[in-house]
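Sequence positions, counted from 1, serve as the residue numbers for this chain.
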Amino acid sequence: MINIVLFGKPGAGKGTQAEFLKEKYNLTHLSTGDIFRYNIKNETELGQLAKTFMDKGDLVPDSVTIQMLQSEVEKNPNSAGFLFDGFPRTIAQAQALDAFLESKGQSITATVALEADDEILVQRLLERGKTSGRPDDQDEEKIRNRYQEYNEKTAPLIAFYQAQDKYHAVDGIGAIEEITARLSLIIDKL
């Protein structure tokens, strides 16, 4: 079983690359963004709670995120592996994910980070916001708030996964196919 954390700032291309990787490696794609949007659209209790944070551009609290994610893993008991997209975002979430996977006799195989310049990503998100309908992609101040949250809460995960020798950085700028090839070079060696 292979379990990969796909890591990167909002707009770095995680969702796009996840589509290719899940097919190539037969992984179950678990996007916290998609899970949140599903729960929000269906007005579940957890979805309504998550929406109050997302609307402000803040990260959803660990307890809510972890409950949603564990539920999704439980729905796929025969999976060949998982591609975690947008989770974990904090050290506490990483520790909770490790503990949860360990209880299932599994672990994170690798963390792959798509790296890109903030200014390029802001423009990507503003462009995406024109068609996505997502309010958090249409307001530059909210986008920059998300990056500040990322830098404060998520960037420390780099050291967490480096200490486990599971962190791999990939240049997230270029043609989609080029980035997919860069990711595949790393995953094929796992």
Considering all heavy atoms, the nearest Met1-Gln106 contact:
SD-OE1, 2.7 Å
Closest approach of Pro10 to Tyr147 (non-hydrogen atoms, all atoms of both residues):
O-OH, 2.7 Å
Salt bridge Arg146-Asp137, side-chain N to carboxylate O under 4.0 Å:
yes
For Ala110 versus His168, what's the shortest heavy-atom pair and its separation?
CB-CD2, 3.9 Å
If I take atom CG from residue Leu114 and atom CG from residue Leu121, how far apart are they, to the nearest 0.5 angstrom?
9.5 Å
Could you check whether any side-chain heavy atom of Leu183 comes within less than 4.5 Å of a side-chain heavy atom of Phe20, counting everything from C-beta outward?
no
Are any of the side-chain heavy atoms of Asp98 and Gln164 separated by less than 4.5 Å?
yes
At what distance, to the nearest 0.5 angstrom, does CD of Gln162 lie from OG1 of Thr111?
10.0 Å
If we ignore angles and hydrogens, is there a donor and acceptor under 3.5 Å between the side chains of Gln70 and Glu74?
no
Okay, side chain of Lys14, backbone of Gly8: is any donor-acceptor separation there less than 3.5 Å?
yes
Under 4.5 Å between any side-chain heavy atoms of Phe84 and Ile108, yes or no?
yes
With side-chain hydrogen bond (donor to acceptor under 3.5 Å, both in side chains) as the test, would you mind laying out the steps for Thr180 and Gln17 before giving the verdict?
CA-CA 6 Å; Thr180 304; Gln17 290 302 323; 2.6 Å; yes
In plain terms, say whether Arg144 and Glu119 are close enough for a salt bridge, that is, a side-chain N and a carboxylate O under 4.0 Å apart.
yes
At what distance, to the nearest 0.5 angstrom, does CD of Gln138 lie from CZ of Arg128?
10.5 Å
Is any side-chain heavy atom of Phe87 closer than 4.5 Å to a side-chain heavy atom of Leu97?
yes
Considering non-hydrogen atoms only, spot the tightest contact between Lys22 and Leu83 and give its length.
N-CD2, 4.3 Å
To the nearest 0.5 Å, atom CG of Asn26 lies from atom CD1 of Ile2 at 11.0 Å
Just verifying a value: how many Å separate Leu190 CG and Asn3 CG, rounded to the nearest 0.5 Å?
11.0 Å
Classify the ring geometry between Phe7 and Tyr167 as parallel (under 30°), tilted (30 to 60°) or perpendicular (over 60°).
perpendicular
Measure across Phe36 and Ala50 and return the closest heavy-atom pair with its distance rounded to 0.1 Å.
CD2-CB, 4.1 Å
Find out whether Asp118 and Tyr150 are in side-chain contact, i.e. whether some heavy atom of one side chain is under 4.5 Å from a heavy atom of the other.
no
Val5 and Tyr161 have their tightest heavy-atom pair at CG2-OH, 4.1 Å
Are any non-hydrogen side-chain atoms of Arg89 and Thr32 less than 4.5 angstrom apart?
yes
What distance do Glu177 atom CD and Arg182 atom CZ have between them, rounded to the nearest 0.5 Å?
11.0 Å
